[in-house]
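Labels below follow one simple rule: chain letters A, B, ... track the order of the sequence lines, proteins then strands, and each chain is numbered from 1.
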Protein chains: 2
Amino acid sequence: MDIGLDLDTVRTFVAAADAGRFQEAAAELTVTQQAVSKRIAVLERKLGVRLFTRTARGAELTIDGQAFLPHARELLRVAERAVASVRTGRRPLRVDVLTSRSAASGLMRGFHRTHPDIELDVMTLFDIETAVAAIRSGAIDASFRAVAVPGRPLPEDIASLRVLDESLELLTGPAHALAGARSVPVARLAGHRIWMPGIVPGTEWAAYYDDLVAEFGLTIEATGPNFGSDALLDTIADTPALATFMGGQTRLIWPAGHGLRRIPVTDPTPVYPHSLLWHRDNPHPALATLRAHLAATTPGHDVPGTWTPDWVLPH
Amino acid sequence: MDIGLDLDTVRTFVAAADAGRFQEAAAELTVTQQAVSKRIAVLERKLGVRLFTRTARGAELTIDGQAFLPHARELLRVAERAVASVRTGRRPLRVDVLTSRSAASGLMRGFHRTHPDIELDVMTLFDIETAVAAIRSGAIDASFRAVAVPGRPLPEDIASLRVLDESLELLTGPAHALAGARSVPVARLAGHRIWMPGIVPGTEWAAYYDDLVAEFGLTIEATGPNFGSDALLDTIADTPALATFMGGQTRLIWPAGHGLRRIPVTDPTPVYPHSLLWHRDNPHPALATLRAHLAATTPGHDVPGTWTPDWVLPH
DNA sequence: TAGGGTCACAACCGATGGTTGTGGGTTGGT
DNA sequence: ACCAACCCACAACCATCGGTTGTGACCCTA
């Protein structure tokens, strides 16, 4: 179905369209006029359309050529950005956001809205260990994580800023015993089955839920393979005895007709602390902009009536 | 400076990233595993970065690979649309808009806002002759034009709909005699030098200004080569004795500090009539949508106090 | 430790895409 | 009306590229 376009050919097409003459385009690309002629001919054969009308004083775009031209330019733009994304030196700011639907991802969307000119590459690493390693190696510029896991303090060269406390909510199906509640105290969750597949021991999120369990006497089951959030939501919706935790700012693809309920948890409200981590010596100019943006836009923390593990860094 | 990426390689990269194993990607692309390995190796050498970490049970993306992946996907999307833009059959709706800054272009932007799902290719043809020929040949689907030049009625198979009457405004520099006026009656323009380079005899816009000149005794100079709107604006701004006409909805790149004035023309206000033209038998589904959109959103015409040539089609 | 899975390297070879040389065709000056 | 000066296309040639097959090193698991 797809044609093996190659970008040199596309570049040739754009150069020829701009120049209006194959010769000039050839000079610009430092190839011969015959090479340009051949490339264009091949492109036309691949597309099945005539792109230029050859005249005695050059080559003019056909209507098909005019239609193709802006797409060709866009293609070159995107290619340039793709290459730039892995260029060492001035590359887009690389930020790790835990998951694509997390609150950190929302913060980055906000940052992108107010700074649309700053190029970003958003990615999702496994845990804080790999994130810190990636930051120290320079592979990424910043990471949103809960810091720090007990017994594993942040290295000296890593700086952090507490940027968002995200309230946890209980997610249940319509037949769950708590489905009708407008909110639920943490203590009332004792004895209920809370299912969170995909928790990997040793990660900072596992440490968070371990502490939560210990503090309030909950039971969280992490059994079974993690088939992704869709499967999780399906199961929660269909199983009256099962609930799960979810960040209050998580963006869900809400399955229609499932009747899922998001129920705030209170007394106290467990909050998941997101901090921004970065390397003290990272000179990326956009990093300072991001820090300033987050410092300016994020609300206060440690609101009374909330809970976080005591190993969480202050701000 | 740019690297000769080719899209087959990019496709291979995406397939390998999705599959997690070169073998599976190879099967999907119906090439051998060795070919995939080679392609990835070449891509990594070109980019100067390692994209995968090879393990015993497959290949995992490095951080650089993760950063590159969304750009690679975007590249393939754009490529697909580029190819689709010249595919006969279901291709984007092709609309000719006179110039990229014309009122018709604004109408298309509005259409795109309310129907972002409909793919469009907007282009600018020379005059109504070529537009009609392109419509009849199927090369384009619709055109915004003033119809019809006297003596050249629309062919039977071309339908039209009057969609917008655009008031003409006078554009002057700050030192022009009329620069201070809030509006100016057409009759007061007699004797003033109005300069509109780029008018080509025989086109429908030339016919429009010919009629305007004849009706109100104006003098329009079309002399001199047309160096584009930037050069025109520069000259108008610097020359007290010169003014030009401009569509009231034209989007200008307003040069800073030029002090240009746009002055409405009255008694009557000359309006430039934009009609949508299309082929009666054109089955493109988006064409009907566009017609309905325009019929619903465009205001009435032939407002009292306005003027159009008498050869303009009624609606 | 044997076996089945992964990817990489080497040798080979046809297709691709560049070069030079040449020819047809329109334009414009003499 | 011709000829020079431009255009682009076609042909022949040839190096490189990108695929194939064959093989080997490696890792995990039974």
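- Using a 30° and 60° split on the angle between ring planes, B:Tyr209 and B:Phe245 fall in the parallel class, below 30°.
- Within a 6.0 Å radius of CZ in A:Arg81, no more than 12 heavy atoms belonging to other residues, nucleotides or ligands are found.
- The separation between A:Arg45 atom CZ and D:dC10 atom P is 12 Å, rounded to whole Å.
- Rounded to whole Å, the distance from CG on A:Leu7 to P on C:dG17 is 13 Å.
- An OP1 or OP2 oxygen of C:dT27 is reached within less than 4.0 angstrom by a side-chain nitrogen or oxygen of A:Arg57.
- For A:Arg77, the CZ atom sits in a packed shell: over 12 heavy atoms of surrounding residues, nucleotides or ligands are nearer than 6.0 Å.
- To the nearest angstrom, C1' of C:dG17 lies 14 Å from CD1 of A:Ile40.
- Per the geometry, CG belonging to A:Leu43 stands 17 Å off C1' belonging to D:dA9, to the nearest Å.
- Along DNA chain D, the nucleotide closest to A:Thr55 and the one closest to A:Ala41 are compared, and the more 5′ of them pairs with A:Thr55.
- Going from atom CD of B:Glu80 over to atom CG of B:Leu7 covers 11.0 Å, rounded to the nearest 0.5 Å.
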Requested in this report: Take A:His71 and B:Asp121, measure what side-chain hydrogen bond (donor to acceptor under 3.5 Å, both in side chains) needs, and give me the verdict at the end.
Outcome: CA-CA 9 Å; A:His71 297 275; B:Asp121 277 323; 2.6 Å; yes

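- Residue A:Ser37 has no polar side-chain atom (N or O) positioned under 4.0 Å from OP1 or OP2 of D:dC8.
- Look at B:Arg54 and you won't find any side-chain N or O under 4.0 angstrom from OP1 or OP2 of D:dC26.
- Protein atom CZ of A:Phe22 is 15 Å distant from nucleotide atom P of C:dT19, rounded to whole Å.
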Requested in this report: Show the numbers, then the answer: is there a side-chain hydrogen bond (donor to acceptor under 3.5 Å, both in side chains) between A:Asp141 and A:His284?
Outcome: CA-CA 8 Å; A:Asp141 300 304; A:His284 201 302; 4.5 Å; no

Query raised in the report: How does protein contact run along nucleotides 13-24 of chain D, one letter per nucleotide 5' to 3', with B for base contact, S for sugar-phosphate only, - for none, heavy atoms under 4.0 Å?
Result: ------BBBBB-

